[in-house]
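Take a look at the structure set out below.
One is the number of the first residue; the rest follow in order along the sequence.
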Amino acid sequence: MGTAVMVTSGKGGTGKTSFTAGVASCLAALGHRVLCVDLDIGLRNLDLALGLSDRAVMDFSDVMEYRCSLLGACVEQPEIRGLFLLTAPLSPEGLDRDRFRTLANEARDYFDFILMDSPAGLGEGFQLARDAADRAVVVSSVDPAALRDAQRTVMELHSLSPLHLVMNRVDPKLITKLRTSIDNAMDAAGLPLLGVVPEDPAVTAAAAAGVPLVLTTYKGAAPAYLNIAKRLLGQRVPLLRIR
């Protein structure tokens with residue numbers, strides 16, 4: 001039986017979609033079957049981060065409306081065996097939480113992990129992911145606005161356990177400038193830390209090239225994603241030191 005993980009953030013720009021793709025790629029590389037579900041309805045872009053642009057023909061609404069089977073709608077990453085994408089529809093019309101929970105339950109039978117990339121904010125995609133998830137990861141940057149919105153998001157996730165925080169796009173110079181720290185960020189969000197991911201221009205470059213990050217580099221954000229994937233598997237791994 002697989003585990004459904006909601007990946008969320010309080011505001012846009014925290015790198016949540018790149019994080020989802022990076023950790024999912026690492027979980028698959030470690031030998032697990034992983035399904036990424038894009039829940040950013042109307043603004044989907046998880047396919048870019050996974051190197052699957054324009055490959056997904058059917059979306060999860062097609063599965064919910066019985067126009068296609070779950071496995072028929074999923075698209076496999078050709079270079080990372082065991083990594084699949086189920087993309088979002090272009091319109092929120094006709095989406096039903098009960099049917100999406102049924103879809104997630106079916107996915108648990110076929111995949112070890114279902115990573116649901118929910119959109120920033122508390123809208124329809126967020127609610128679909130929350131109601132179907134077993135646990136949640138809140139992705140935030142260290143700036144005060146992102147942390148404040150992360151706190152608000154946490155208040156809507158009281159039904160899920162465990163909840164963890166990932167500090168993403170971390171720049172040591174920015175931390176110094178804001179006179180803050182990772183510990184302060186943890187206190188502000190009120191969550192235990194799952195991992196720290198450095199700011200890495202290779203993330204944007206890989207998405208622009210349509211290639212998963214972990215196929216392009218072993219530096220920067222890539223080893224941070226791998227460490228977080230291992231922690232999701234229950235392994236004890238030291239935090240990546242941001243230099």
Which value, rounded to the nearest 0.5 Å, describes the distance between Arg231 atom CZ and Asn227 atom CG? 5.0 Å
Same apolar cluster: Leu165 and Val237, side chain cutoff 4.5 Å: no
Below 3.5 Å, can you tabulate the donor-acceptor pairs from side chains in residues 200-211 to any protein atom, sequence neighbours excluded?
unit_1: Asp200; atom_1: OD1; unit_2: Ala202; atom_2: N; d: 2.9
unit_1: Asp200; atom_1: OD2; unit_2: Ala221; atom_2: N; d: 2.9

To the closest 0.5 Å, what do you measure between SG (Cys36) and CG (Leu83)? 5.0 Å
So, are Glu65 and Arg99 salt-bridged, with charged N and O less than 4.0 Å apart? yes
Connected via hydrophobic side-chain network under 4.5 Å: Leu48 and Phe60: no
Sequence neighbours excluded - salt bridge (Lys or Arg N to Asp or Glu O under 4.0 Å) pairs with any residue from residues 126-139: Arg97-Asp131, Arg101-Asp131, Arg108-Asp134, Arg130-Glu156
Thinking salt bridges, do Lys16 and Asp117 make one under a 4.0 Å N-O criterion? yes
Run the side chain to side chain contact (heavy atoms under 4.5 Å, CB included) test on Leu191 and Val138 for me, step by step, so that the C-alpha distance in whole Å, both residues' side-chain angles and the decisive distance to 0.1 Å come before the verdict. CA-CA 9 Å; Leu191 294 179; Val138 178; 3.8 Å; yes
Pair Val170, Asn168 - check side chain to side chain contact (heavy atoms under 4.5 Å, CB included), show working. CA-CA 5 Å; Val170 174; Asn168 198 29; 6.0 Å; no
Flag yes if Leu147 and Leu157 sit in one hydrophobic cluster, no otherwise; membership is Ile, Leu, Val, Met, Phe, Trp, Tyr, and two members link when side-chain heavy atoms are under 4.5 Å apart. yes
Leu71 and Phe100: same hydrophobic cluster, using ILVMFWY side-chain contacts below 4.5 Å? yes
Verify same cluster id: Leu215, Leu115 (apolar side-chain graph, 4.5 Å): yes
From Gln151 CD over to Ser140 OG, what is the distance, rounded to the nearest 0.5 angstrom? 9.5 Å
Please give me the minimum heavy-atom distance between Gln77 and Leu50, naming the atom from each residue. NE2-O, 3.1 Å
Show the numbers, then the answer: is there a side chain to side chain donor-acceptor pair (under 3.5 Å) between Thr8 and Ser118? CA-CA 5 Å; Thr8 187; Ser118 73; 3.3 Å; yes
Under 3.5 Å, side-chain donor or acceptor atoms of residues 23-35 against the rest of the protein: list the pairs with distances, not counting sequence neighbours.
unit_1: Ser25; atom_1: OG; unit_2: Ala21; atom_2: O; d: 2.7
unit_1: Arg33; atom_1: NE; unit_2: Tyr110; atom_2: O; d: 2.9

At what distance, to the nearest 0.5 angstrom, does CG of Leu233 lie from CD1 of Ile228? 12.5 Å
Check step by step if side chain to side chain contact (heavy atoms under 4.5 Å, CB included) holds for Phe84 and Val75. CA-CA 5 Å; Phe84 295 80; Val75 180; over 6 Å; no
What do you reckon, is CZ of Arg67 surrounded by more than 12 foreign heavy atoms closer than 6.0 Å? yes
